[in-house]
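Below is one structure, written out as structure tokens; comments come after it.
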Amino acid sequence: KNPDFRDAAMKTLRFAAYSFAASAALALFAVSARADHDHHNFETIDELASHVQAHSRSLALEVRRQLPGDANYAHVVADVNAVYRQSARIHSLIHAGVNPADLCRDVRKLDSLVHHLEETLSQVRPGHSHYDHWTRRHVWHGPDLRNIRRLMSLIEDDTHALMDEVHTLESLVSARPSGIYLSRPAISIRFGR
């Protein structure tokens, strides 16, 4: 009967209705995002990105141990750090919820960084050994690139496997019809591709 009470009640009712609608929209969005995530298993990409991250960390230690006197040292260190950061970004993207297009772009950038690192490492002059008759043993001079090459090979292999996963993911994403489609127990709405 009091007009102020009626206005307050209507505002409360409207606020509750808007809150419910917003909650329902967020829930639908979360279910839709989870349904999109279920179309492709990102565990393999996550595992490969973690491998690249671990190998690039080991490579950084090896570079700091073997190459401090080389003219390309600073460039190699910067490139290894860039590979590490990019693989860490991919790893964190997957755990934060991922947009497949962003993931594909970031994996392609990682591939480019790995190839650039390869080129930079090809300019490093390897060390050499010789037999020292005085001490009666082999003496090594300069950097021993065997472990660096081994780690680089592991990074390359994992990056190529990541690129294969990206090609698979892109083919799955491009094969999806636009519009409304059913996905397991969820309904997902897609606009455009």
Side-chain angles (χ1 to χ4, degrees), residues 33 36-37 39-174 193:
D36 283 347
H37 189 277
H39 284 287
H40 184 75
N41 184 355
F42 291 102
E43 289 178 15
T44 305
I45 294 174
D46 185 33
E47 184 177 331
L48 289 167
S50 295
H51 289 173
V52 172
Q53 191 177 1
H55 296 318
S56 60
R57 185 182 309 116
S58 298
L59 181 60
L61 293 172
E62 191 67 21
V63 163
R64 287 186 178 101
R65 190 171 72 81
Q66 291 286 342
L67 302 181
D70 192 273
N72 297 303
Y73 174 73
H75 193 173
V76 172
V77 168
D79 289 351
V80 171
N81 287 337
V83 167
Y84 176 82
R85 282 192 309 273
Q86 188 64 21
S87 60
R89 175 179 166 78
I90 292 167
H91 180 71
S92 64
L93 262 178
I94 290 172
H95 288 283
V98 65
N99 175 354
D102 292 341
L103 181 63
C104 293
R105 184 190 68 238
D106 284 345
V107 170
R108 289 187 190 289
K109 182 175 179 183
L110 176 65
D111 184 56
S112 173
L113 290 169
V114 167
H115 287 295
H116 180 72
L117 175 58
E118 265 184 312
E119 291 173 17
T120 306
L121 282 173
S122 71
Q123 298 171 6
V124 172
R125 293 185 54 207
H128 64 280
S129 69
H130 64 87
Y131 184 77
D132 184 357
H133 293 286
W134 184 258
T135 60
R136 296 181 184 198
R137 62 186 178 105
H138 281 278
V139 178
W140 190 267
H141 297 283
D144 182 1
L145 299 181
R146 290 176 293 188
N147 199 32
I148 290 174
R149 288 183 182 134
R150 182 188 66 80
L151 289 166
M152 197 62 215
S153 177
L154 292 170
I155 291 170
E156 286 175 332
D157 292 346
D158 290 336
T159 304
H160 291 153
L162 273 169
M163 288 300 292
D164 291 342
E165 289 292 320
V166 162
H167 292 305
T168 302
L169 179 60
E170 287 175 333
S171 67
L172 287 173
V173 169
S174 66
R193 287 176 54 126

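Atom set for the values below is all heavy atoms of this structure, side chains included, hydrogens, waters and symmetry mates excluded.
Counting heavy atoms from C-beta on, the side chains of His51 and Glu47 come closer than 4.5 Å. The shortest distance between side-chain heavy atoms of Leu59 and Leu117 falls below 4.5 Å. Between Phe42 and Leu169 the shortest side-chain heavy-atom distance falls below 4.5 Å. Between Asp70 and Val76 the shortest side-chain heavy-atom distance does not fall below 4.5 Å. For the pair Asp79 and Leu113, the minimum side-chain heavy-atom distance is 4.5 Å or more. Side chains of His75 and His116 form a contact here, defined as non-hydrogen atoms less than 4.5 Å apart.
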Please lay out, stage by stage, how Val83 and Leu110 fare under the test side chain to side chain contact (heavy atoms under 4.5 Å, CB included).
CA-CA 6 Å; Val83 167; Leu110 176 65; 4.0 Å; yes
Please report the C-alpha distance between Gln66 and Leu145 in whole Å, then the side-chain angles of each, then the deciding distance to 0.1 Å, and finally whether the side chain to side chain contact (heavy atoms under 4.5 Å, CB included) criterion is met.
CA-CA 8 Å; Gln66 291 286 342; Leu145 299 181; 5.5 Å; no
Dump the intermediate steps for side chain to side chain contact (heavy atoms under 4.5 Å, CB included) on Arg105 and Lys109, then the final yes or no.
CA-CA 6 Å; Arg105 184 190 68 238; Lys109 182 175 179 183; 5.9 Å; no
I would like to know whether Val63 and Tyr73 meet side chain to side chain contact (heavy atoms under 4.5 Å, CB included); could you show each step before the answer?
CA-CA 8 Å; Val63 163; Tyr73 174 73; 4.2 Å; yes
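Ser50 contributes a side-chain N or O that, together with a main-chain N or O of Asp46, makes up a donor-acceptor pair within less than 3.5 Å. Side-chain N or O atoms of Ser112 include none that pairs as donor or acceptor with a backbone N or O of Arg108 at under 3.5 Å.
Here SG of Cys104 is found 10.0 Å from CD1 of Ile90. Values are rounded to the nearest 0.5 Å. Taking NE2 from His55 and OG from Ser153, the interatomic distance works out to 9.5 Å, rounded to the nearest 0.5 Å. Ser122 OG to Asn72 CG: the interatomic distance, rounded to the nearest 0.5 Å, is 8.5 Å. One distance of note links OG of Ser87 with CG of Asp106; it measures 11.0 Å at 0.5 Å rounding. Atom CG of Asp157 sits about 10.0 Å away from atom CE of Met152, to the nearest 0.5 Å. Residue Leu93 holds its CG atom at 6.5 Å from CG of Asp102, rounded to the nearest 0.5 Å.
A donor-acceptor pair shorter than 3.5 Å can be found between the side chains of Asp111 and His115.
When the options Ile155, Leu151, Leu154, Asn147 are evaluated for a side chain to side chain contact (heavy atoms under 4.5 Å, CB included) with Ser58, the one that passes is Leu151.
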